[in-house]
Amino acid sequence: MKSTEIDLHKELKKYFGFNNFKGLQEDVVRSIISGNNTFVIMPTGGGKSLCYQLPALVLDGTAIVVSPLIALMKNQVDAIRSLSSENGIAHVLNSSLTKTEIAQVKKDISSGLTKLLYVAPESLTKEEYTAFLKSVPISFVAIDEAHCISEWGHDFRPEYRNLRSIIRNLGDVPVIGLTATATPKVQEDILKNLDMSDAQTFKASFNRPNLFYEIRPKAKTVESDIIRFIRQYKGKSGVIYCLSRKKVEEIAQVLQVNGISAVPYHAGLDAKTRAKHQDMFLMEDVNVVVATIAFGMGIDKPDVRFVIHHDIPKSLESYYQETGRAGRDGGEGHCLAYYSYKDIEKLEKFMSGKPVAEQEIGFALLQEVVAYAETSMSRRKFLLHYFGEEYDGENGEGHDMDDNARNPKKKKEAKDQVLTLLKVVRDTKMLYKSKEIIFTLTGKVNAVIKAHKTDSQSFFGAGADFDEKHWMALLRQVLVAGYLSKDIESYGVIKLTPEGEAFIANPQSFMMTEDHDYNENDDETTVTAAKSTGVSDEVLAGMLKDLRKKVAKKLGVPPFVVFQDPSLDDMALKYPINIEELSGVHGVGEGKAKKYGKDFVELIARYVEDNDIIRPEDLVVKTTGANSALKLYIIQNIDRKLSLNDIAKAKGLDMDALLKEMEQIVYSGTKLNIKYWVDDILDEDQQEEIHEYYMESESDSIKDALKEFDGDYDTEELRLMRIKFISEVAN
């Protein structure tokens, strides 16, 4: 059928039920129907698949669609089958089929029934398949996710590299390349590798004006920050991306414990669980999916309201693709990424074992991510420029939809400091990594600097007026500006670039962006409600101690039985005003909060009101106790009266570590009945003697008890008795 004879709008309505094409779709469809090689660059959610599905349905012969993921193919095939009464209209040809199924596919293609055949690139290398496909009419070959062909793409697949010669094998058929991500470099690569320099190229705008881009420094309290953020989107859908499976599991747990419905998704889960979690998200049984990048290929959920990157991705393409899952319905999507330079350094370390060519690409891609995270210009302008698109940051669509546009960062002139920095790199003969360069500037000595005798040079300490943090921020901004570069071969060594040399010869203005706290973060970012950071309210702490004394007296127990000191300090920091909040305080579990909490939360609530205190609600983040499973195991097995030695052995703990866990359990308000164990070690009189000591003591310190009994009992016996005592008296 010739393109002139086809009423495209009628066919669009017949197959897809739409009255009009979207964006560039119509032009692309006409190009394909006219038999041209065609290259389509269209962002995720732009309606890419219709561009080749419609021509395939109206042209004679079968269209071959090469796709990298089996799950994606299956979704697409199901979607096309739903448009027709004939199941054979679309088929998959891959390693998952049986002989009988392969025979059926071949039969449907030969009879002209099949319009779309989805194949994995590996399938096309099989002699039996190519011989068969040569013998039937092929309308065109479409290569979906074409960036997989390029080493510069974020998802390079070596098997994509041979596609051109395989297609040549099939005869003279038009080739269609489609991708949702393409920097100019990747586009060039795709056209070259598919040998289609004559292709008609269609590029849609990559601007998603309804997405708000924000980068926050990644502090120790990142989990509390995420919980606070999600609570603003009550009942709405969102995705959180992490780089490791372990982190995915941890964060999903923290969210669940804090009343947010979330499920994990990563390649370590079996296929059934993955499918179940994906469906729960699509069907809105859960609001949040915490995932590694494995999640989201081909997920078409239109109402994702936020995408959070707990770890910054390895390339801006990945970042663009992943944030692109938000707001596909045109409503606002908030894209929040947490950034710490330590994470970048971790990613660089991972790369250092790879082949140099691969490292070079990896470093270059990462450098772009750093530049994006640290830029003070409009993030949208930066992203679109990266994808080779011009954008007016003042008046373009969505120009105020990013943190830098709404809260511009302060800048200050740093021309002289840049000059000092570049000269130090040059004069230390470009041997040093960033740490040694900064030490040289601030006049600090380490073994490397001593070995090179740098500390005896005239420029040693040339930047001592500023601290290490300042120089580190400047160094990274100068790297982004291109005056310095990191050497690939000798991992992490800083080199001067020709642009840097030009700067030394002719210094220019350099505006340094302030507010870089991006470097001051620890690797440990898990929230535990164990130790609170910050200073507690001493007046309130004093009042709480008085109340504890009163309550203890009334109940006839020592004060430490009610709440321990660290718990009171934590209350004076977090100001919990109801029982639920109180159970999130250090060392206070649900049981303890219910038993003793009423008077305490009433006192705190009155105090907060009388003194107009703004409560830091965000601090009351419950910990998952990454070891809550261990605690449960201990409780269950003590209930079964198992030997403590066996419990410790089963979990690879020594007795000291097991007792620590047991102490945490009873101090949080849960009963542990260890009478069966203590009875074996101490007789009734001994138990009574220790019990009475604890009853009358001001403190529960083991050191004091050892002194009191002067060698009659050892530490372990006293700790076990303390656990039994707290369990019986306090809980």
Leu496 and Leu484: CA distance, side-chain angles, deciding distance, side-chain contact (heavy atoms from CB on, under 4.5 Å) verdict: CA-CA 5 Å; Leu496 193 62; Leu484 294 172; 3.8 Å; yes
Closest heavy-atom contact between [X] and [Y]?
| X | Y | answer |
| --- | --- | --- |
| Val65 | Leu116 | CG2-CD2, 3.7 Å |
| Ile143 | Ala146 | O-CB, 3.8 Å |
| Glu145 | Lys48 | OE2-NZ, 4.4 Å |
| Tyr52 | Ile32 | CA-CD1, 4.3 Å |
| Val29 | Pro55 | CG1-CG, 4.0 Å |
| Leu117 | Thr62 | CB-CG2, 3.9 Å |

Can you list the steps and then say if Val58 with Tyr15 is a side-chain contact (heavy atoms from CB on, under 4.5 Å)? CA-CA 10 Å; Val58 300; Tyr15 285 110; 4.3 Å; yes
Is any side-chain heavy atom of [X] less than 4.5 Å from a side-chain heavy atom of [Y]?
| X | Y | answer |
| --- | --- | --- |
| Ser237 | Val288 | no |
| Leu8 | Ile33 | yes |
| Leu163 | Val66 | yes |
| Pro264 | His277 | yes |
| Ile215 | Tyr372 | yes |
| Thr179 | Val40 | no |
| Glu322 | His309 | yes |
| Ser110 | Val136 | yes |

Run Gln367 and Leu479 through side-chain contact (heavy atoms from CB on, under 4.5 Å) and show every step you take. CA-CA 8 Å; Gln367 197 48 43; Leu479 272 166; 3.8 Å; yes
Side chains of [X] and [Y] only: does a donor on one sit below 3.5 Å from an acceptor on the other?
| X | Y | value |
| --- | --- | --- |
| His147 | Glu317 | no |
| Ser315 | Ser318 | yes |
| Thr497 | Ser485 | no |
| Arg245 | Tyr265 | no |
| His385 | Arg380 | no |
| Glu249 | His266 | yes |
| Glu374 | Tyr341 | no |

Non-neighbouring partners of Phe21 that pass ring-ring contact (aromatic ring centres under 6.0 Å, His included), sequence neighbours left out: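 With sequence neighbours excluded, Phe21 shows a ring-ring contact (aromatic ring centres under 6.0 Å, His included) to His9, given in chain and number order.
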Using side-chain contact (heavy atoms from CB on, under 4.5 Å) as the criterion, list what pairs up with [X], not counting sequence neighbours.
| X | result |
| --- | --- |
| Phe18 | Leu12, Phe16, Leu50 |
| Ala204 | Leu24, Met42, Pro43 |
| Glu389 | Ser205, Phe206, Asn207, Leu384 |
| Asp270 | Lys272, Thr273 |

Before accepting this row, confirm whether a basic side-chain N of the pair Glu26/Arg30 lies closer than 4.0 Å to the acidic partner's carboxylate O.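 Judged by the 4.0 Å cut-off on N to carboxylate O distance, Glu26 and Arg30 do form a salt bridge.
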Are Asp311 and Lys218 close enough for a salt bridge, meaning some N to O gap below 4.0 Å?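 Counted as a salt bridge, because a side-chain N and a carboxylate O are separated by less than 4.0 Å.
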[X] [atom1] to [Y] [atom2] distance, which is reported to the nearest 0.5 Å:
| X | Y | atom1 | atom2 | answer |
| --- | --- | --- | --- | --- |
| Leu124 | Leu133 | CG | CG | 7.0 Å |
| Asn37 | Leu191 | CG | CG | 10.0 Å |
| Leu211 | Arg325 | CG | CZ | 12.5 Å |
| Ile89 | Leu57 | CD1 | CG | 5.0 Å |
| Leu178 | Phe202 | CG | CZ | 11.5 Å |
| Thr323 | Arg379 | OG1 | CZ | 12.5 Å |

Taking the six-membered ring for Trp, are Tyr338 and His310 ring centroids under 6.0 Å apart?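 For Tyr338 and His310, the ring centres are not under 6.0 Å apart.
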Give a yes or no on whether the backbone of [Y] and the side-chain of [X] come within a donor-acceptor separation of less than 3.5 Å.
| X | Y | value |
| --- | --- | --- |
| Lys247 | Cys242 | no |
| Arg305 | Gly238 | no |
| Asn210 | Gly331 | yes |
| Lys115 | Leu59 | yes |
| Asn404 | Thr375 | yes |
| Tyr118 | Ala90 | no |
| Thr38 | Asn36 | yes |
| Arg208 | Gly327 | yes |

Is the [atom1] atom of [X] crowded by more than 12 outside heavy atoms at less than 6.0 Å?
| X | atom1 | value |
| --- | --- | --- |
| Glu501 | CD | yes |
| Lys314 | NZ | no |
| Glu499 | CD | yes |

Which atom pairs, one a donor and one an acceptor, fall under 3.5 Å between side chains of residues 165-176 and the rest of the protein, sequence neighbours left out?
{"unit_1": "Ser165", "atom_1": "OG", "unit_2": "Asn162", "atom_2": "O", "d": "3.0"}
{"unit_1": "Arg168", "atom_1": "NH2", "unit_2": "Asp195", "atom_2": "OD2", "d": "2.7"}
{"unit_1": "Asn169", "atom_1": "OD1", "unit_2": "Lys134", "atom_2": "NZ", "d": "3.4"}

Using side-chain contact (heavy atoms from CB on, under 4.5 Å), reason through Leu366 and Met351 one step at a time and then give a plain yes or no. CA-CA 11 Å; Leu366 259 186; Met351 273 189 293; 3.5 Å; yes
On the 0 to 90° scale, with breaks at 30° and 60°, tag the Tyr213-Tyr319 ring pair as parallel, tilted or perpendicular.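 Judged by the thresholds at 30° and 60°, the geometry between Tyr213 and Tyr319 is tilted.
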